[in-house]
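Note that these values count all heavy atoms, side chains included, but never hydrogens, waters or copies made by symmetry. Just follow the structure's listing: the first ligand is 1, and inside any ligand the first atom is 1.
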Amino acid sequence: MTNADPVQGDIWKEKGYIMDGMGAAQKLIQNHVLKKEEYVTLLECASDRDVKKVLTDEAVRLRKIYYGDKVYTRGLIEFTNYCKNNCYYCGIRAGNRNVVRYRLTEEEILDCCREGYRLGFHTFVLQGGEDPYYTDEIMVELIRAIKAEFPDCALTLSIGEKSRESYRLFREAGADRYLLRHETANAEHYGSLHPAAMSLSDRKQCLYDLKELGYQAGAGFMVGSPGQTVEHMAEDLVFLQELQPQMVGIGPFIPHHDTIFAEEKAGSVEMTLFLLSVIRIMLPKVLLPATTALGTMDPQGREKGLKAGANVVMPNLSPVKNRKQYELYDNKICTGEEAAQCRGCLAGRVQRAGYCLVTDRGDAV
Ligand code: 5AD
Ligand code: FES
């Protein structure tokens with residue numbers, strides 16, 4: 001892309017900004033970092049074939065240097081779909097009366113881990129809504145029980161915003177990692193996706209607390225969420241640069257029929273793939289999943305994600321009877337009876353994509 005306005009172009013140049021898409025791509029490859037305006041330029045060229053190719057090639061090259069052909073696997077256990085929050089985009093938000101709610105008992109959760117361990121998993125991700133039923137005491141007990149039975153496994157939590165003290169207790173009990181997407185790094189945009197009771201500054205504080213407490217932390221955002229602009233996505237990238245998370249989860253926004261965003265357009269697979277490559281280049285060692293949302297938008301989405309720089313997959317280990325009930329968005333894959341063995345399905349997919357599913361804990365390098 002060339003800059004149509006020479007005067008504006010000169011001003012940008014004086015400020016040291018590169019205003020050409022290919023120039024921005026090359027600068028990112030050189031420096032692993034861009035200024036916000038340069039990310040905007042880059043993202044505006046997300047459908048330029050040459051720019052896309054340069055970035056994809058570099059993302060794949062970097063991923064190969066640090067991880068070879070390995071793809072790490074995490075067993076996802078969706079253990080409660082109760083949630084006290086009301087995020088406007090989410091199918092299991094508190095206000096949705098049409099959800100049949102469920103909670104797994106400690107024994108049921110342990111059974112999921114046992115099944116997962118048998119299948120070769122060495123990381124379990126406990127994900128749930130923000131469910132007050134699981135008090136700190138209950139969580140600590142659960143974390144201890146899992147770590148006692150599976151001492152060679154990593155335990156990841158994904159249970160939303162908690163106090164620093166709660167995070168500290170969970171960490172002390174043995175939790176290793178924590179996933180908490182920031183969703184959008186623009187405060188105004190955050191406000192349009194969440195009720196007034198939630199704030200971007202709280203979310204960011206949680207992420208900084210988690211990092212400080214020694215968790216391997218994961219942030220991330222939805223691609224194409226309602227009202228999102230390229231400027232917003234550029235701010236997401238700047239925030240990731242600042243936070244330096246060990247993991248980044250991104251996937252396309254997908255409307256859910258029981259939300260105010262039911263009629264909104266879904267995010268694009270192409271833009272998600274482009275961002276996966278950009279993030280791999282920004283943070284070469286990052287653990288980057290090819291997400292279920294990506295696989296929902298495109299039957300080959302996760303494979304395409306791996307080929308764009310992703311190096312993690314997260315098969316579902318939740319009891320099949322509950323899977324449909326953890327419906328964050330419409331048409332979520334892996335929720336039917338046929339998906340009882342996501343592990344086997346994904347192993348085949350990873351292999352056919354030219355990669356190798358590995359079973360070790362896969363800590364950040
Ligand atoms: N579409 C895509 N992703 C969603 N999430 C929640 N709702 C949706 C949706 N409608 C994502 C959020 C959350 C993660 C668990 O799932 O980014 O952090
Ligand atoms: Fe779940 Fe393919 S990964 S069915």
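Taking the six-membered ring for Trp, F261 and Y89 have ring centres at least 6.0 Å apart. Annotation: Y82 is not in aromatic contact with Y133 [ring centroid separation under 6.0 Å not met]. Aromatic ring centres of Y190 and H182: separated by at least 6.0 Å.
Hydrophobic clustering of Ile, Leu, Val, Met, Phe, Trp and Tyr side chains at less than 4.5 Å, counting indirect connections, keeps L357 apart from M247. One hydrophobic cluster holds both L243 and L157 under the rule that ILVMFWY side chains link at heavy-atom gaps under 4.5 Å.
Ion pairing between E108 and K321 holds under the 4.0 Å rule for side-chain N and carboxylate O. Salt-bridge annotation for K307 and E303: absent, with no side-chain N of the basic residue lying under 4.0 Å from a carboxylate O of the acidic one. Under a 4.0 Å N-O distance rule, the pair D176/K147 qualifies as a salt bridge.
Interface of R302 with ligand 2, defined as ligand atoms under 4.0 Å from a residue heavy atom, comprises 2 (Fe), 3 (S).
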Does ligand 1 have any N/O pairs with the protein under 3.5 Å, and how far apart?
unit_1   : atom_1 : unit_2 : atom_2 : d
ligand 1 : 1 (N)  : I254   : N      : 2.9
ligand 1 : 1 (N)  : I254   : O      : 3.3
ligand 1 : 10 (N) : Y89    : O      : 3.0
ligand 1 : 10 (N) : I254   : O      : 2.7
ligand 1 : 17 (O) : R181   : NH1    : 2.9
ligand 1 : 17 (O) : E183   : OE1    : 2.7
ligand 1 : 17 (O) : E183   : OE2    : 3.3
ligand 1 : 18 (O) : E183   : OE2    : 2.5

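In this model, no donor atom of one side chain and acceptor atom of the other lie less than 3.5 Å apart for N81 and Q325.
Between F124 and F121, the ring planes are tilted. Angles from 30° to 60° get that label.
Protein N/O/S atoms closer than 2.8 Å to atom 2 (Fe) of ligand 2: C345 SG.
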